[in-house]
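Only heavy atoms go into these numbers, but all of them, side chains included; no hydrogens, no water, no symmetry mates.
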Amino acid sequence: MSPAARRRVCAVIAAAAVAVLFSALSALLGVVIALLGALPALAHGFTSTVYVNLVSPQTGHVRTELELEYDLLVVSAADYEKDDPLFKAGTAAFEAGDAGQQAAALDAHADSVVAYVTERFGVTAAGKACAPVRDGGFTIGRREDVPYARLILDYRCPESAEAHEVRSGLFPGSEGYVRDSKTIVTYDLDLKSGSTALDAQHRSFSTQQSWFERFWEFFRLGAEHLLGGLDHILFLLALIAGSRRLREIVLAATTFTLAHSVTFVLAALGLVQAPAAFVEPVIALSIAVVAGWHLWRIWRRRSHATDLETAGHGRLGLDRAGWTRLAVVFCFGLVHGLGFAAALGIDQAWSWTLLWSLLVFNVGIEVVQLTIIVAVFPLLALLRHHRPIAGLWTTGAIAAGVSAMGLVWFVERVLGI
């Protein structure tokens, strides 16, 4: 084959490869658009978290402290027990925002509430169910800026038991009030202490579980949290769309990881705390700003926007705008860390016992984050290299959609819609 013929064959192969690449990126853009148009239930706020602390004050007793989202507990228990007075009194107390009134509503209908909770949450020992006895009345606290009801149950168990099993099916998606719920459990039982996470796929655990099982549960929870949190995925896509070279996305992702790890650990130490009313709107704003940054750079260059693909100057190959972008990513990463911490209830003193699980949860987040980068960034990089205009339009379209969704969420969260 002559050199000219070989060049023609190579050109045809390259064109075909670019066509396939463009098709893959078009599919990616379609997925992003579909995600943007999905129901808000894909974002934070449509799942619930139950917090449980288990200790054994004496042989044969397991003191269980449960914290449950108040308004969800009211509607679920009222529906389960067909207790309309509970629904009316509990809803009126919720709308009034009066903690004393809320506790009184639950105390007045304690039989219905406890029946609902003990039907879906239980402790067994030596294969036998432990008998729950309510200890004291209900109290009301706040988590993530919403009221939580605190209920203490004393489970009477066989004294000879060497291990305990805990199951939780509280607030399942089948009830229709939330998509699903997870239960974060800390325990000091059977000469063992630790923490675990229960959800729809894993409803129970034993105090005899291995360290690997505990590791896997929080690793999986972290991975599922990122995958189920559309806002964090869109933030990552905004970083990818605005990064021109591998160096930039690695620096951006590393900066984001360092930032949210800082607030993650500080929250576990009880040194930092922020209300969800602040954290959630800022997370939404961060999505809009980081995505809008790329759009602003395209608008600023206009007809020379493809020059953005050329190498930068300065330390680590970043120009002044690149370093400014990293500073912005770091600041927003600090707030995202508070959002991740809130997912594990890292806002109470006892959360220090969750530190190991917290770090494993963080590893799960990072693995999914790295997987998304590895899957998406090379496709964009190849398209930018072979078809700069098409690459610019693709990243611009992704950034525009992500920025618009971030602004919508910001307005919704500020207004409490």
Compare all side-chain heavy atoms of Ile233 with those of Val368 and state whether any distance is below 4.5 angstrom.
-> no
Side chains of Leu66 and Leu170 in contact at under 4.5 Å (non-hydrogen atoms) | yes
Determine, stepwise, if the pair Phe171 / Tyr116 fulfils side chain to side chain contact (heavy atoms under 4.5 Å, CB included).
-> CA-CA 10 Å; Phe171 309 134; Tyr116 171 81; 3.2 Å; yes
Enter the distance from Phe410:CZ to Leu285:CG here, rounded to the nearest 0.5 Å.
-> 5.0 Å
Under the 3.5 angstrom rule, does the side chain of Thr183 hit a backbone N or O of Leu198 as a donor-acceptor pair?
-> no
Between Phe205 and Tyr187, does the ring centre distance come in under 6.0 Å?
-> yes
Check whether any side-chain heavy atom of Val50 lies under 4.5 Å from a side-chain heavy atom of Val52, and answer yes or no.
-> yes
Flag for Ser286-His336: side-chain donor and acceptor within less than 3.5 Å = yes
Name all residues meeting the side chain to side chain donor-acceptor pair (under 3.5 Å) criterion together with Arg120; count only those two or more places apart in sequence or in a different chain, and write none if there are none.
-> Glu175
Evaluate side chain to side chain donor-acceptor pair (under 3.5 Å) for Thr395 paired with His294, printing each intermediate quantity in order.
-> CA-CA 8 Å; Thr395 58; His294 182 55; 3.0 Å; yes
Spacing of CG belonging to Leu236 relative to CD1 belonging to Ile365, to within rounding of 0.5 Å | 11.5 Å
Smallest separation among heavy atoms of Ala400 and Leu295, with atom names = CA-CD1, 3.6 Å
Pro281 and its side-chain contact (heavy atoms from CB on, under 4.5 Å) partner, picked from Leu415, Val411, Val414 = Val414
Are Val166 and Leu54 close enough, and set up right, to give a side chain to side chain contact (heavy atoms under 4.5 Å, CB included), and what steps lead you there?
-> CA-CA 10 Å; Val166 178; Leu54 302 167; 3.4 Å; yes
Give the ring-plane orientation class for Phe235 versus Phe332, where under 30° counts as parallel, over 60° as perpendicular and anything between as tilted.
-> perpendicular
Atom pair CZ/CG of Phe138 and Leu151 - distance to nearest 0.5 Å = 4.5 Å
Where does the angle between the aromatic ring planes of Tyr51 and Tyr148 fall among parallel (under 30°), tilted (30 to 60°) and perpendicular (over 60°)?
-> tilted
Lys/Arg N to Asp/Glu carboxylate O, Glu67 vs Arg150, below 4.0 Å | no
Is the side chain of Tyr80 donor-acceptor paired with the backbone N or O of Ala115 at a distance under 3.5 Å, no angle test?
-> no
Salt-bridge present (Asp154, Arg134; N to O < 4.0 Å) | no
Distance, nearest 0.5 Å, that separates OG of Ser204 from CZ of Arg167 | 9.5 Å
Decide yes or no for Glu69 and Asp71: does some side-chain heavy atom of the first lie under 4.5 Å from some side-chain heavy atom of the second?
-> yes
Rounded distance (nearest 0.5 Å) linking atom CG of Leu251 with atom CG of Leu239 = 11.5 Å
Got a donor-acceptor contact below 3.5 angstrom from the Ser403 side chain to the Ala288 backbone?
-> yes
Do the side chains of Val402 and Ile398 get nearer than 4.5 Å, heavy atoms only?
-> yes
Residues Leu73 and Ala149: closest non-hydrogen pair is CD2-CB, 3.9 Å
Residue pair Ser243, Arg325: steps toward the side chain to side chain donor-acceptor pair (under 3.5 Å) verdict = CA-CA 10 Å; Ser243 298; Arg325 177 173 179 259; 3.3 Å; yes
Report yes if some heavy atom in the side chain of Glu366 is under 4.5 Å from a heavy atom in the side chain of Leu370; otherwise report no.
-> no
Main-chain N/O of Leu189 paired with Ser56 side-chain donor or acceptor, under 3.5 Å = no
Hey, is the main chain of His164 close enough, under 3.5 Å, to the side chain of Thr207 for a donor-acceptor pair?
-> yes
In short, Ala252 meets Val329 closest at the heavy-atom pair O-CG1, 3.8 Å
Please report the closest heavy-atom contact between Arg203 and Ser181, naming both atoms and the distance.
-> NH1-O, 4.4 Å
Quick one: pull up CG in Leu68 and CG in Leu72 and give me the separation to the nearest 0.5 Å.
-> 8.5 Å
For Phe87 and Asp79, run side chain to side chain contact (heavy atoms under 4.5 Å, CB included): C-alpha distance rounded to whole Å, both residues' side-chain angles, the deciding distance at 0.1 Å, then the answer.
-> CA-CA 8 Å; Phe87 177 77; Asp79 184 42; over 6 Å; no
Leu334 and Ala259 have their tightest heavy-atom pair at CD2-O, 3.3 Å
Indicate yes or no: does Asp188 engage Arg63 in a salt bridge with an N to O separation below 4.0 Å.
-> no
Worked check of side chain to side chain contact (heavy atoms under 4.5 Å, CB included) between Gln102 and Leu106 | CA-CA 6 Å; Gln102 292 165 3; Leu106 295 179; 5.9 Å; no
Between Ser206 (side chain) and Glu165 (backbone), is there a donor-acceptor pair under 3.5 Å?
-> no
Does Leu153 reach the side chain of Thr118, with side-chain heavy atoms less than 4.5 Å apart?
-> yes
Where do Leu86 and Ala77 come nearest, in terms of heavy atoms and distance?
-> CD2-CB, 3.9 Å
